[in-house]
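Starting off with a structure, shown below.
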Amino acid sequence: MNRELKWPHLKGLYELYITGQTSDSILKNAFVRSLKNRKLIGPKPGRLNTLMDKPGYKAYYEAKFLPAYQRYVTFLEANNIPLDGRQRFDEYDLETFAFIVERKDEILESVPSIRQFSSRVFHEKGSKYLEDHPGIASTVLRLLGLDSFPGSDPKENQWRFVIDPPSPKLIVLCENIANLKRPWIAIAHEIELWYVGGSNTAILENISFDKLQLPLFYCCDWDQDGIDIYKRIYKIFAEKGKDIGILTPYDQQAAIPEVSEKHESRWKEVDMVKQWPAHPFNAEQVELLSKLFRNKQWIEEESQDLVELLRYNELIKA
DNA sequence: ATTCCAATGGATTGGCATAT
DNA sequence: ATATGCCAATCCATTGGAAT
């Protein structure tokens, strides 16, 4: 799923598509190597350091890469970002750039510190990402038309990003920001999306009652952190007399080990259901929680397609 | 322990020389 | 003409040591 391709790789693959060869050194990337293993690309005979395309590459590229690459180029050109092969952003960053531009006005109303910005908008890469990658930070500043991020004022800026279609049928509150980066999907299905940064749930306490007329659901990682946040949110809304459900993952095969480089949320000593005796989970959810707990696994929010997820939970028609 | 900074290394670019 | 080779300039990420 995640190809982890940086701009030089994307550029090299495009050159391979257009000219049939490239001398860009892109083979260090595992995904590019997999294309070599699949004989879609290979070394050019007699040419050290040059790759050439093989039969099938063009069709493959057109199906898997060309539309995205064209979108990226259009976006970068429209925003005066050089298409220089020395840029180090990847596809995730590009998606995030587009999101930033879309939300520019909202962001400029109160620009948070670079740490907070990194942690909320580049959520999956962490709070230090922008500081550690000055090239990407300067691209973000360029997109926003700013010289620098405000100083690290500890005052918590509270954001609530909303994707709002004209006449929403239900509201989905997302733990992670991924779904809000593809607003057209939610808009097409008349779903209103909210993103409330990580554990920044306090902001929900001030939501007025008239926003709570629609059915409300929470979409999150199924891990200790995700369920903990759900518990907090559930309480906040319960005090307003409003129920919020949690979306059950449809692809439960997507469960992955709870310990990895990128993931640190482990289940506590006792089963979630015992941690939260008055829980609102249904039978399937209880069963899933105890299975994840037993197997020391979690399910990533992004592994579940939003539309499929809502179908599975019988919130939109199949 | 964390922050800062200069050196280092990996890689591309663009101009020019050279080979086919 | 066109492709390839070479190289200094440039950009970015990483590293390691000094400062706080």
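Side chains included, hydrogens not; waters and symmetry mates left out as well; all remaining heavy atoms used. Note on naming: letters A, B, ... go to the chains in the order of the sequence lines (proteins, then strands), and numbering restarts at 1 for each one.
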Practice item. Report the end-to-end axis angle of the helix from B/dA1-C/dT20 to B/dT20-C/dA1; each axis comes from five terminal pairs, and the value is rounded to 10°. Key: 10°
**Study point:** By side-chain hydrogen bond (donor to acceptor under 3.5 Å, both in side chains) - contacts of A/N176 (at least two apart)
**Key:** A/H123, A/D221, A/E301
Exercise for review: For nucleotides 9-17 of chain C, just jot down a letter per nucleotide in 5' to 3' order: B, S or -, based on protein non-hydrogen atoms under 4.0 Å.
Suggested key: -BBSSS---
Check your understanding: Would you call the rings of A/Y218 and A/Y230 parallel, tilted or perpendicular, where under 30° means parallel and over 60° means perpendicular?
Key -> parallel
Practice item. Please find the earliest and latest nucleotides of DNA chain B, in the 5' to 3' direction, that have an atom within less than 4.0 Å of any heavy atom of chain A. Key: B/dT3 to B/dT13
Practice item. Establish, from distance only, whether the side-chain atoms of A/Y129 and A/D93 form a donor-acceptor pair under 3.5 Å. Key: yes
**Study point:** Between A/Y69 and A/F65, ring centroids under 6.0 Å
**Key:** no
Review point. Contact class for A/Q21 (heavy atom, under 4.0 Å): base, sugar-phosphate, or nothing?
Key: sugar-phosphate
Exercise for review: Apply salt bridge (Lys or Arg N to Asp or Glu O under 4.0 Å) to the pair A/K169 and A/E190, showing each step before the final yes or no.
Suggested key: CA-CA 6 Å; A/K169 301 264 191 300; A/E190 301 184 299; 2.8 Å; yes
Practice item. Report the residues that fulfil salt bridge (Lys or Arg N to Asp or Glu O under 4.0 Å) with A/E308, sequence neighbours left out, ordered by chain and then residue number. Key: A/R311
Review point. If we ignore angles and hydrogens, is there a donor and acceptor under 3.5 Å between the side chains of A/Q224 and A/D228?
Key: yes
Point to revise | Donor + acceptor pair across side chains of A/Q252, A/Q297 (<3.5 Å) | key: no
Check your understanding: Which residues pass the ring-ring contact (aromatic ring centres under 6.0 Å, His included) test with A/F89, sequence neighbours left out?
Key -> A/W7, A/F97
Exercise for review: Classify the side-chain pair A/E192/A/W194 by whether it contains a donor and acceptor separated by less than 3.5 Å.
Suggested key: yes
